[in-house]
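Have a look at the structure below before the remarks.
Basis for what follows: all heavy atoms, side chains included, without hydrogens, waters or symmetry-related copies.
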Amino acid sequence: MTDRLTADCSRCAGLCCVALPFAASADFAVDKAAGTPCHHLQPDCRCGIHAGLREAGYPGCTVYDCFGAGQQVVQVTFGGRDWRANPELADSMFAVFPVVRVLHELLFYLEEARAHPAAAPLSDALEAAFAETDRLAAGTPEELAALDVEAHRRSVADLLGRVSDLARAGGRGPDHRGARLLGARLRGSDLRRASFRGALLVGADLRGADLRGADLLGADLRGADLAGADLREALFLTAAQVAAARGDTSTRLPPTLARPGHWAAARAPRRRHPARR
C-alpha cells in the first residue's frame, strides 16, 4: 500500500500542474487558475524547470505531495486515459483529482495509525476506516464527484485523534491544536507528546526543540526552523511538511522520512569572543 500512496509522476498526466490553482506568493512566482496548465508543463506532462523550481520561485511545487492520487486517477479512475488525448474527460478528471488526493492522504495516516502499538484498542475501527476509504478511492468518476469527502475526512480525523490520545498518554504535552504560532519562539522547548494538530507554525523557531511523540497532523511548518530539533516518533508527520520547513543535518527525523536535499549542513555554534581589556 505504501508504494501506491507514493507519487509516481511517470504514471500521471501532470494533474497537479493543471487541476490545481495557485497564487503569486512566496511559494509561486505567478498566478494560475484551476484547470489551466502551468506554462512550464511540457507536452510529455513533465515540468520544464523541475531541476530549478526553487530558484525560479516555485518552492510550493517542491513540497506538494499527492500521495499517489495522480496515478490513481489516470490509471485506475480513468483507465489509463489522460486529459490531453481525451479533452472531453478534462473537467471530470480535474474535479475528482482533489477528492482522491484527500482520500489517499487519509489512507496514508490510517496506515501509520494501524502500525502504531498504542492503537491496538482501536484496531477494528482503524481497519474498517481504512477499508472504507480505500473503497471510496476506487470509485467511478461519478461516485467520486458526488462524494462528501469533507464529511469522510472529519470522521477519519476523529478516529486519528483517538489514536493520538492513546499514543501520547502518560505524560501528554501542551495542547496547541489549531494554534496560531506564526514566528513563535520555541527554541529548545520541551514539546514531547504535544498536539500541534492543524497549528500554524509558519516561520516558527523550533531549533533544538524536543518534538518526540508530538502530533503534527496538518501542522503548517512552512519556513519553520527545525535545525537540531528532534522529531523522532512524531505522529502523522509527512515528507511535504518536512520539505516545507528548514532544517539541517542535526535535525532528527523519523526513520521513514528522508532528509530534504535543500536543507543546510549543521550550523556551528557561535563562538563567544573574550571581552577586550
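Counting non-hydrogen atoms of other residues, nucleotides and ligands closer than 6.0 Å to CZ of R259 gives a total above 12. Heavy atoms of other residues, nucleotides or ligands lying less than 6.0 angstrom from CG of D91 number 12 at most.
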Could you please spell out the steps behind the side-chain contact (heavy atoms from CB on, under 4.5 Å) verdict for L181 and L200? CA-CA 5 Å; L181 296 168; L200 295 177; over 6 Å; no
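The side-chain tip of R114 points at the ring of F130 from less than 6.0 angstrom away and within 45° of straight on.
Cluster membership for L182 and L186, using ILVMFWY side-chain heavy atoms within less than 4.5 angstrom, is not shared. Hydrophobic clustering, with ILVMFWY side chains joined whenever heavy atoms are under 4.5 angstrom apart, groups V18 together with V96.
Residues S92 and P141 are in side-chain contact: their nearest non-hydrogen atoms beyond the backbone lie under 4.5 Å apart. By the 4.5 Å heavy-atom criterion applied to side chains, V99 and L147 are counted as neighbours. Side-chain contact between E132 and H152 is present, with at least one heavy-atom pair separated by less than 4.5 Å. Looking at L226 and R207, their side chains never come closer than 4.5 Å, going by heavy atoms from C-beta outward. In this structure, H40 and C61 have side chains that are not in contact, with every pair of non-hydrogen atoms separated by 4.5 Å or more. Between V74 and Q71 there is no side-chain heavy-atom pair separated by less than 4.5 Å. Counting only heavy atoms from C-beta outward, the side chains of R187 and L206 never approach each other to under 4.5 Å. Annotation: side chain of F108 is not in contact with side chain of F236 (no heavy-atom distance under 4.5 Å).
Using a 30° and 60° split on the angle between ring planes, F22 and Y58 fall in the perpendicular class, above 60°.
Residues H176 and S195 bring no donor and acceptor atom of their side chains to less than 3.5 Å of each other.
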